[in-house]
S.K.: 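First the structure, then my questions, so here it is.
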Amino acid sequence: MQKSYILEMFPYPSGNIHMGHVRNYVIGDICARYHKLKGDEVIHPMGWDAFGLPAENAAIQFNTHPKDWTLTNIESMKNQLKKLGLDLDWEKELATCKEDYYQYQQELFIDFYKAGLAYKKDALVNWDPEDQTVLANEQVIDGKGWRTGATVEKKVLSQWFFKITKYAEELLNALDELELWPEKVKTMQRNWIGKSVGAEIKFKIAGEDDQLNIFTTRPDTIYGATFIALSVNHRLVNKFLKNKEINEIKKLFSAVDNEKEKKGYLMNIKCKHPLLEKEIPVFIANFVLDNYGEGAIFGCPAHDERDYEFAVKYKIPIIKVIECDDNELPFTHDGIVINSPLLNGLKKTEAIHKIINYFKEKKIGNESINYKLRDWGVSRQRYWGCPIPVIYYEDGTFRVLDKSELPILLPYDVDLNGKGNALLNHDNWRKIVCPKTNKIAYRETDTLDTFVDSSWYYIRFLNNKLDRPFDTKQVNDYLPVDKYIGGIEHAILHLLYSRFFMKALRDIYNLKINEPFKQLFTQGMITHKTYKTKNDEWIMPREVYQKEGKLYRGKTNEIVIEGPSEKMSKSKKNVIEPDEILENYGINATRFFMISDSPPDRELEWTDEGIQGSKNLARRINEYFKKNRTDMKLDTNKMIEKFIFNIEKNIMNFSLNKCVADVYTLFNYLEKEKVYLHNSDESKKILICLYPIVPNMVSDLYMFLFNSKNIGNWPEINKELLVEKSINLPIQVQGKLVTTINTKKGYKEKEILKSIYKLDKIKNKIQNKEVIRVINVQDKIINIIIN
RNA sequence: GCGCCAGUGGCGGAAUGGUAGACGCGCUGGUCUUAGGAACCAGUGGGCAACCGUGGGGGUUCGAGUCCCUCCUGGCGCACCA
């Protein structure tokens with residue numbers, strides 16, 4: 001039996017589902033139900049991404065406990081999901097905050113550690129002052145925390161990391177084989193991994209026994225290097241400057257108004273140029289990233305915009321080493337190398353090749369590949385997350401626990417006052433006697449980033465009750481997920497982490513699976529018109545009424561200004577509540593509308609007309625089947641076969657909006673021809689095709705018509721009926737449509753031309769001219785070319 | 001700035017290089033109604049017409065919304081990545 005693993009991204013249990021969830025899960029449900037009808041062994045589970053900060057914030061705000069708050073939310077959201085008529089296997093349900101999930105994550109952590117994929121180091125990390133926790137690089141957007149929007153600070157802390165960089169090359173290359181992923185997501189991941197090929201060059205420090213390693217993609221411009229710039233966090237800054245001075249420089253840098261304005265501080269050390277008998281100045285500069293390469297660059301102002309700007313400001317010499325006009329500086333394009341004894345006259349790639357070989361020979365450099373991707377910082381200074389199974393002794397050493405010492409459970413009795421990490425403040429939990437050494441020890445109080453939880457939940461779903469993380473055979477048999485459906489906002493974070501996890505687990509446990517998600521489908525947002533008063537107050541759409549072409553607010557009769565359709569958000573008051581819609585329009589209309597007006601990967605604008613149209617469609621179908629049976633017309637069977645064929649094709653391609661069009665086309669035909677099928681076998685076929693989309697309605701109708709709950713299998717298509725025997729053949733002259741004629745398929749070209757030439761419209765076109773060529777695309781089109 | 005995607009009626013959107021606008025919404029007219037914002041029926045790209053029409057301009061082709069080049073516009077992502 002063919003397996004089909006259909007998965008939608010599991011939700012965070014905030015307490016209420018929103019329209020975005022509805023769309024996501026209806027799309028997945030249609031797929032899953034279709035595959036079941038086709039006879040596949042379908043896996044379609046649901047769970048809860050249940051650790052995370054909102055629970056802690058809610059605990060403080062409402063004086064409840066994160067666990068209680070979360071579990072209550074799960075219950076109510078589960079009820080809401082059940083109202084959507086989703087065919088989910090609730091036996092497989094999991095919640096990442098439950099010990100039967102996270103204790104196995106602790107096992108994985110131990111295995112990662114043993115495999116060298118988890119390690120601890122002092123690191124300059126992103127600190128979110130509002131959430132009081134560290135964030136991964138991926139979670140910092142424009143210098144702000146992804147969740148809080150607070151400006152992120154830099155701090156040095158001892159942190160746990162996962163070695164995702166070990167897989168940088170594979171994560172990049174394997175994207176090419178993910179044929180069923182959107183190009184857009186792959187591009188985003190490629191950019192994020194950010195591979196650069198170049199060279200690493202050693203710069204000796206004059207008068208010191210120390211050196212710098214500098215990565216560059218342009219070793220061909222080495223003769224134009226006129227300065228060195230270091231990040232303020234570079235090792236050598238610490239070596240040569242006092243803390244006080246460093247702090248002053250940091251202050252100087254952060255005082256810059258415009259973030260892009262370049263600032264530098266001249267150090268009193270110099271570097272030797274690796275090829276020339278000269279020394280060049282060393283700056284500390286605000287524009288040098290400390291987390292790329294070693295946090296040091298050589299500046300070649302003539303051929304780099306940033307270096308040029310800096311050099312002009314600090315009056316650093318600018319030496320041209322690529323042929324160009326002076327007014328073209330900085331010249332960053334390819335060109336012929338000049339002023340470079342070893343490289344003169346060469347083109348860029350030749351020069352790069354030659355100089356790297358020279359560096360190798362002299363042992364002052366090497367070719368080098370650099371990635372933007374950093375290792376994944378997974379420590380979070382929060383209570384509501386998976387505890388890291390590590391203890392610390394009083395001498396500062398630590399021990400990663402054995403699997404036999406698991407689980408490390410979160411204590412329930414914590415003091416959540418919003419200040420700092422509740423685990424750190426919980427002495428009873430924290431302080432233990434190590435059973436191996438009998439020494440006093442302290443538990444790790446950081447918990448794991450919740451993106452760790454979601455990096456392997458699709459594996460745990462295969463057997464959520466197993467007494468180890470997963471079963472190898474099951475993983476090999478049932479992964480990858482065949483269709484993974486969710487929002488594009490996870491393009492980098494969740495999807496990259498999961499890919500890394502799959503590869504890491506593959507290598508640790510000898511799995512045969514390389515990628516977790518075979519096909520990725522990213523559904524579009526749901527948007528809704530926004531409305532404002534003249535005082536910029538957002539108001540709810542339902543408050544607005546229209547009179548003589550103008551919009552007014554219901555209770556005050558103020559003029560209302562209509563804004564663009566935007567993503568539903570509470571702050572803009574353009575939210576539609578699923579519960580309300582289900583109540584007013586019913587589940588069938590709701591499901592129809594979720595796929596009606598736009599292709600699933602594009603935005604769907606919520607409109608009253610749209611949902612009303614879906615309601616009408618549902619009603620029409622219901623009424624249709626209740627009418628008394630009539631005879632079929634000649635082409636009725638053909639229409640039904642076409643319907644089956646099209647629905648199947650369109651579900652497979654995620655062209656669900658076209659499925660709705662297919663439904664209209666069929667019922668328009670049946671009603672126009674007054675063909676009523678009632679409890680016929682043909683009705684069964686039609687209902688089965690409708691079942692994935694509107695299962696509730698179909699179940700009721702099936703009961704009513706056939707007194708049975710047993711919806712059969714997906715109907716076999718009678719291909720013979722699909723073939724059109726007669727066609728409307730378009731006739732072109734000079735490639736332009738002139739007329740069409742109705743004819744049988746398989747006509748003889750000579751014969752049909754005879755009758756075509758008799759047509760007035762064709763005669764008029766041809767008149768006295770000579771036919772020089774006739775293009776007959778058999779059964780498709782005829783094109784007559786005249787002189 | 002770089003990358004990706006997209007530009008088709010009043011709107012959402014259909015079209016393996018082969019009849020552009022399927023299907024829906026809206027609109028117009030009609031039927032039934034005390035009434036209708038319900039339901040049903042008919043029509044609906046522009047133009048009186050010949051014809052013209054898929055963001056603009058080139059090209060490939062018998063034939064281009066579709067392929068190629070170029071420009072414009074919009075959306076998304078990345079962005080001092082050396």
Side-chain angles (χ1 to χ4, degrees), chain A residues 141-142 182-196 198-199 214-219 221 225 229 259-262 285-293 295-300 303-307 309-310 332 370-374 488-489 491-492 522 524-525 546 565 592-593 596-599 601-605 607-614 616-617 619-620 623 646 650 655 657-668 671-672 727-741 764 772-777 779-786:
Chain A
I141 297 147
D142 289 335
E183 207 47 54
K184 184 178 176 163
V185 174
K186 290 196 276 186
T187 307
M188 284 165 75
Q189 291 210 354
R190 279 187 196 107
N191 289 341
W192 188 264
I193 294 166
K195 180 180 181 176
S196 309
I214 291 181
F215 176 76
T216 179
T217 55
R218 293 296 303 273
T221 64
E259 271 184 28
K260 297 246 160 154
E261 191 189 328
K262 294 192 172 32
N286 66 339
F287 67 97
V288 179
L289 302 172
D290 52 50
N291 56 4
Y292 188 80
I297 60 153
F298 76 75
C300 174
H303 306 292
D304 183 283
E305 285 172 19
R306 299 152 302 186
D307 299 346
E309 195 189 324
F310 191 77
T332 57
N370 216 317
Y371 299 92
K372 225 174 87 180
L373 184 72
R374 307 278 88 200
I488 185 108
E489 64 271 22
I492 293 173
T522 53
M525 297 183 302
Q546 193 173 7
S565 201
F592 264 135
F593 184 56
S596 282
D597 280 10
S598 313
D601 56 348
R602 269 193 241 174
E603 279 183 4
L604 171 69
E605 184 175 4
T607 60
D608 291 344
E609 292 84 1
I611 182 75
Q612 185 61 45
S614 295
N616 290 344
L617 178 61
R619 182 189 47 72
R620 253 178 84 185
E623 286 175 8
N646 285 331
N650 289 328
S655 302
N657 55 321
K658 285 191 257 170
C659 285
V660 179
D662 297 332
V663 174
Y664 275 109
T665 306
L666 179 70
F667 284 91
N668 286 350
E671 286 176 344
K672 183 164 183 159
I727 45 165
N728 276 328
L729 187 70
I731 312 298
Q732 297 180 333
V733 175
Q734 307 291 69
K736 283 189 178 181
L737 181 74
V738 176
T739 187
T740 63
I741 57 169
N764 290 340
I772 53 172
R773 194 177 160 192
V774 172
I775 290 138
N776 171 39
V777 183
D779 298 336
K780 274 276 168 78
I781 201 164
I782 288 180
N783 189 8
I784 298 164
I785 310 302
I786 54 180

S.K.: When rounded to the nearest Å, what value does the distance between P atoms of B/rG55 and B/rG9 take?
M.R.: 8 Å

S.K.: Let me know the distance between CG of A/Asp307 and C1' of B/rA82, rounded to the nearest Å.
M.R.: 7 Å

S.K.: Determine whether a donor-acceptor pair (one donor, one acceptor, N or O, separation below 3.5 Å) exists between the side chain of A/Lys780 and the base of B/rU19.
M.R.: no

S.K.: For nucleotides B/rG57 and B/rG24, find the distance between their P atoms and express it as a whole number of Å.
M.R.: 33 Å

S.K.: Is the base of B/rC62 touched by the side chain of A/Asn783 through a donor-acceptor pair closer than 3.5 angstrom?
M.R.: yes

S.K.: Give A/Val288 one of three labels, base, sugar-phosphate or nothing, depending on what nucleic acid heavy atoms sit under 4.0 Å from its own.
M.R.: base

S.K.: Can you tell whether the side chains of A/Glu623 and A/Arg620 come within less than 4.0 Å, N to carboxylate O?
M.R.: no

S.K.: Students often get this wrong, so: under 4.0 angstrom with heavy atoms, is A/Lys672 touching a base, only sugar-phosphate, or nothing?
M.R.: sugar-phosphate

S.K.: To the nearest Å, give me how far apart NZ (A/Lys372) and P (B/rG77) are.
M.R.: 14 Å

S.K.: Respond yes when some side-chain nitrogen or oxygen of A/Asn646 is under 4.0 Å from OP1 or OP2 of B/rA22, and no when none is.
M.R.: no

S.K.: Can you check whether A/Arg773 has a side-chain N or O nearer than 4.0 Å to OP1 or OP2 of B/rC62?
M.R.: yes

S.K.: Suppose we call a contact any N or O donor and acceptor under 3.5 Å apart; does that hold for the side chain of A/Lys262 and the base of B/rC80?
M.R.: yes

S.K.: Closest approach to the side chain of A/Asp597, judged atom by atom: which nucleotide of B/rA39, B/rG12, B/rC25 is it?
M.R.: B/rG12

S.K.: Please examine the side chains of A/Glu183 and A/Lys186, heavy atoms only from C-beta on, and report whether any two atoms are closer than 4.5 Å.
M.R.: yes

S.K.: Taking A/Glu605 for the side chain and A/Ser565 for the main chain, is one N or O donor matched with an acceptor at less than 3.5 Å?
M.R.: no

S.K.: By nearest heavy atom, map A/Gln734 and A/Val660 onto RNA chain B; which one lands nearer the 5' end?
M.R.: A/Val660

S.K.: When the C1' atoms of B/rA14 and B/rA20 are compared, how many Å lie between them, rounded to an integer?
M.R.: 10 Å

S.K.: Whole Å only: how far is the CG atom of A/Asn616 from the P atom of B/rC40?
M.R.: 7 Å

S.K.: Roughly how many Å apart are B/rG75 and B/rC68, using the P atom of each and rounding to a whole number?
M.R.: 25 Å

S.K.: Report yes if at least one side-chain N or O of A/Asn657 is closer than 4.0 Å to OP1 or OP2 of B/rA14; otherwise report no.
M.R.: yes

S.K.: What's A/Pro182 touching, base or sugar-phosphate or nothing? Going by heavy atoms closer than 4.0 Å.
M.R.: nothing

S.K.: Counting only Watson-Crick pairs (N1-N3 plus N6-O4 or O6-N4) and G-U wobbles (N1-O2, O6-N3), all under 3.5 Å, who is the partner of B/rG21?
M.R.: none

S.K.: Of all the choices, B/rC5, B/rA22, B/rG13, which nucleotide is nearest to the side chain of A/Ala661 once you look at every atom?
M.R.: B/rA22

S.K.: With rounding to the closest Å, how many angstrom separate the P atoms on B/rA38 and B/rG53?
M.R.: 39 Å

S.K.: Output the single nucleotide from B/rG18, B/rU19, B/rC4 whose closest atom is nearest the side chain of A/Leu737.
M.R.: B/rU19

S.K.: Once you apply the 3.5 Å cut-off to both distances, tell me the Watson-Crick or G-U wobble partner of B/rC40, or none.
M.R.: B/rG30

S.K.: Using the C1' atom as the point on both nucleotides, what is the distance between B/rU28 and B/rU70, in whole Å?
M.R.: 43 Å

S.K.: Strictly distance-based, threshold 3.5 Å: is any side-chain N or O of A/Gln734 a donor or acceptor partner for the main-chain N or O of A/Ile786?
M.R.: yes

S.K.: Among the nucleotides B/rG13, B/rA82, B/rC5, which one has an atom lying closest to any side-chain atom of A/Pro599?
M.R.: B/rG13

S.K.: What contact category does A/Asp662 fall into here, base, sugar-phosphate, or nothing, at under 4.0 angstrom with non-hydrogen atoms?
M.R.: nothing

S.K.: What is the base-pairing partner of B/rC4, counting Watson-Crick and G-U wobble geometry with both distances under 3.5 Å?
M.R.: B/rG75

S.K.: In whole Å, what separates the P atom of B/rG45 from that of B/rG10?
M.R.: 11 Å

S.K.: Taking CZ from A/Arg620 and C1' from B/rA39, how many angstroms apart are they, rounded to a whole number?
M.R.: 11 Å

S.K.: Which nucleotide wins on minimum distance to the side chain of A/Arg602, given the candidates B/rG12, B/rU19, B/rA14?
M.R.: B/rA14

S.K.: Contact class for A/Asn370 (heavy atom, under 4.0 Å): base, sugar-phosphate, or nothing?
M.R.: nothing

S.K.: Side chain of A/Thr740 only, heavy atoms from C-beta on: which candidate in B/rU19, B/rC40, B/rC23 is closest?
M.R.: B/rU19

S.K.: Heavy atoms only: give me the nearest A/Lys658-A/Asn650 pair and the separation to one decimal.
M.R.: CB-ND2, 3.5 Å

S.K.: If you compare every side-chain N and O of A/Ser196 against the phosphate oxygens of B/rA82 (OP1, OP2), does one of them come in below 4.0 Å?
M.R.: yes

S.K.: Have a look at B/rG47 and give me syn or anti from its glycosidic angle (syn if within 90° of zero).
M.R.: anti

S.K.: When the nearest nucleotide of RNA chain B is assigned to A/Ser598 and to A/Thr187 on a heavy-atom basis, which residue is associated with the more 5' position?
M.R.: A/Thr187

S.K.: Measure OH/A/Tyr664 against P/B/rC23 and give the value in whole Å, please.
M.R.: 12 Å

S.K.: Using atom CG of A/Asn650 as one end and atom C1' of B/rC23 as the other, report the distance to the nearest whole Å.
M.R.: 11 Å

S.K.: Of the listed nucleotides (B/rA82, B/rC23, B/rG18), which one gets closest to any side-chain atom of A/Asn668?
M.R.: B/rC23

S.K.: Taking the six-membered ring of A/Tyr371, is NZ or CZ of A/Lys195 closer than 6.0 Å to its centre and within 45° of its axis?
M.R.: no

S.K.: What does A/Phe298 touch in the nucleic acid at a heavy-atom separation under 4.0 angstrom: a base, only the sugar-phosphate, or nothing?
M.R.: nothing

S.K.: Suppose we define a pair by two distances each less than 3.5 Å, Watson-Crick or G-U wobble; what does B/rG65 pair with here?
M.R.: none

S.K.: Roughly how far apart, to the nearest Å, are B/rG21 and B/rG7 at atom C1'?
M.R.: 15 Å

S.K.: Kindly give the heavy-atom pair with the smallest separation between A/Ser196 and A/Thr217, and that separation in Å.
M.R.: CB-CG2, 3.8 Å

S.K.: Can you identify which nucleotide, out of B/rG13, B/rG18, B/rC25, has its nearest atom closest to the A/Glu609 side chain?
M.R.: B/rC25

S.K.: Can you tell if the side chain of A/Asn728 reaches within under 4.5 Å of the side chain of A/Ile741, non-hydrogen atoms only?
M.R.: no

S.K.: Calculate the interatomic distance between A/Met188 atom CE and B/rA79 atom P; express it in whole Å.
M.R.: 10 Å

S.K.: Look at all strands and tell whether A/Leu289 reaches a base, only sugar-phosphate, or nothing, counting heavy atoms closer than 4.0 Å.
M.R.: base

S.K.: Heavy-atom distance under 4.5 Å between the side chains of A/Val774 and A/Ile785, does that happen here?
M.R.: no

S.K.: Between atom NZ in A/Lys658 and atom P in B/rA15, what is the gap in whole Å?
M.R.: 3 Å

S.K.: Respond yes when some side-chain nitrogen or oxygen of A/Lys736 is under 4.0 Å from OP1 or OP2 of B/rC52, and no when none is.
M.R.: yes

